[in-house]
Amino acid sequence: MSDGTQTPAELVAAVAEAGLYVVALTDHDTTAGWASAAHEAQRLGVRLVPGMEVSCSSDGISVHLLSYLHDPTEPALLAEIEQARVSRSLRARRIVERLGADHDLTWQHVEDQLAADATIGRPHIADALVARGIVADREEAFAELLSSRGPYYVRHYAPDPVEAVRLVIQAGGVPVMAHPLARRRGRVVGDEVIEAMADAGLAGLEVDHRDNDPQAREHLRALAARWGLFVTGSSDYHGAGKVNLLGENTTPAEVLDEIIARGSGSPVSS
Ligand code: AMP
């Protein structure tokens, strides 16, 4: 329901097909896919951990916070993600205006790529650029035209990650910092921000992720050990939208058990 290229039900079917038995669904700033994913998960005997990836910003640096098993109706968290979603939509239009000055791209071209209720992000603009023949694929779109370091980039509103950790916990969720040192995507926060998140109740770090290089993973494991955080792994699979393969990184069963034990806002469907 954000920037994957499959519907939540298609994703769960692909999970079953790949021989995986548990999956977390973590769309950006929305839980709109939970119901259809849970329905398909039950039908196919896959365990579904409902989640979300909360867009955050720490002094202008993008941080993604995974929330597992929170209550999707909790008002304070809901208000934050709604604000982020509205801002994302306005920001996407501004990016397209900027791009449109130099390229044959209009807002309608982007709308043509959007599913109903989707959380709008740069990947949808990338898809429009591909459809217009301006770039070959999302990867090429992000390399220059959509780069956060490029001239067309516009920020969107997002909560501070320390505040987001508190909101996720208040909603009964388990907060895990996504790909903390994914430097290929842009600037990353320093250890002091991760420490402040840990002090606020951060539960884990997503260490095994293709965008954390080997040195980054080693450093993150040391931080996790120091601050008593658990370590997860994930594919960050987006269908055809990224090269990431389903199950290319996984989370140990005992860590899954801990997530389930700590999450009180929503049940795992199985
Ligand atoms: P946004 O949240 O709108 O700023 O867009 C960021 C999202 O784009 C990330 O969460 C990724 O899912 C996706 N993304 C970032 N880099 C790439 C890339 N090189 N190829 C495909 N998708 C990407």
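Start at 1 and go down the list; that is how both ligands and their atoms are numbered.
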Check your understanding: Are R47 and S269 close enough, and set up right, to give a side-chain contact (heavy atoms from CB on, under 4.5 Å), and what steps lead you there?
Key -> CA-CA 6 Å; R47 287 183 100 185; S269 80; over 6 Å; no
Of all heavy-atom pairs linking E140 and D137, the shortest is N-OD1, 2.9 Å
| said: Taking side chain to side chain contact (heavy atoms under 4.5 Å, CB included) as the criterion, tell me which of R88, R85, M52 meets it with H28. | reply: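 Among the candidates, only R88 passes.
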Show which residues join V46 in its hydrophobic cluster (side-chain heavy-atom contacts under 4.5 Å, direct or indirect), or state none.
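Via sub-4.5 Å side-chain contacts, V46 links to L11, V12, V15, L20, V23, L25, W34, L44, L48, Y237, L246.
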* To do: Salt-bridge test for D59 and R155: reply yes if a basic N is under 4.0 Å from a carboxylate O, no otherwise.
  =>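 A salt bridge is absent here (no side-chain N lies under 4.0 Å from a carboxylate O).
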Margin query: Whether R93 and E97 form a salt bridge (side-chain N of Lys/Arg under 4.0 Å from carboxylate O of Asp/Glu) is what I want to check.
Written below: no
Margin query: If the criterion is any heavy atom closer than 4.0 Å to an atom of ligand 1, which residues make the list?
Written below: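 Answer by chain and number: D3, H28, H64, R88, R91, G121, R122, P123, R138, E139, F142, R185, H238, G241, K242.
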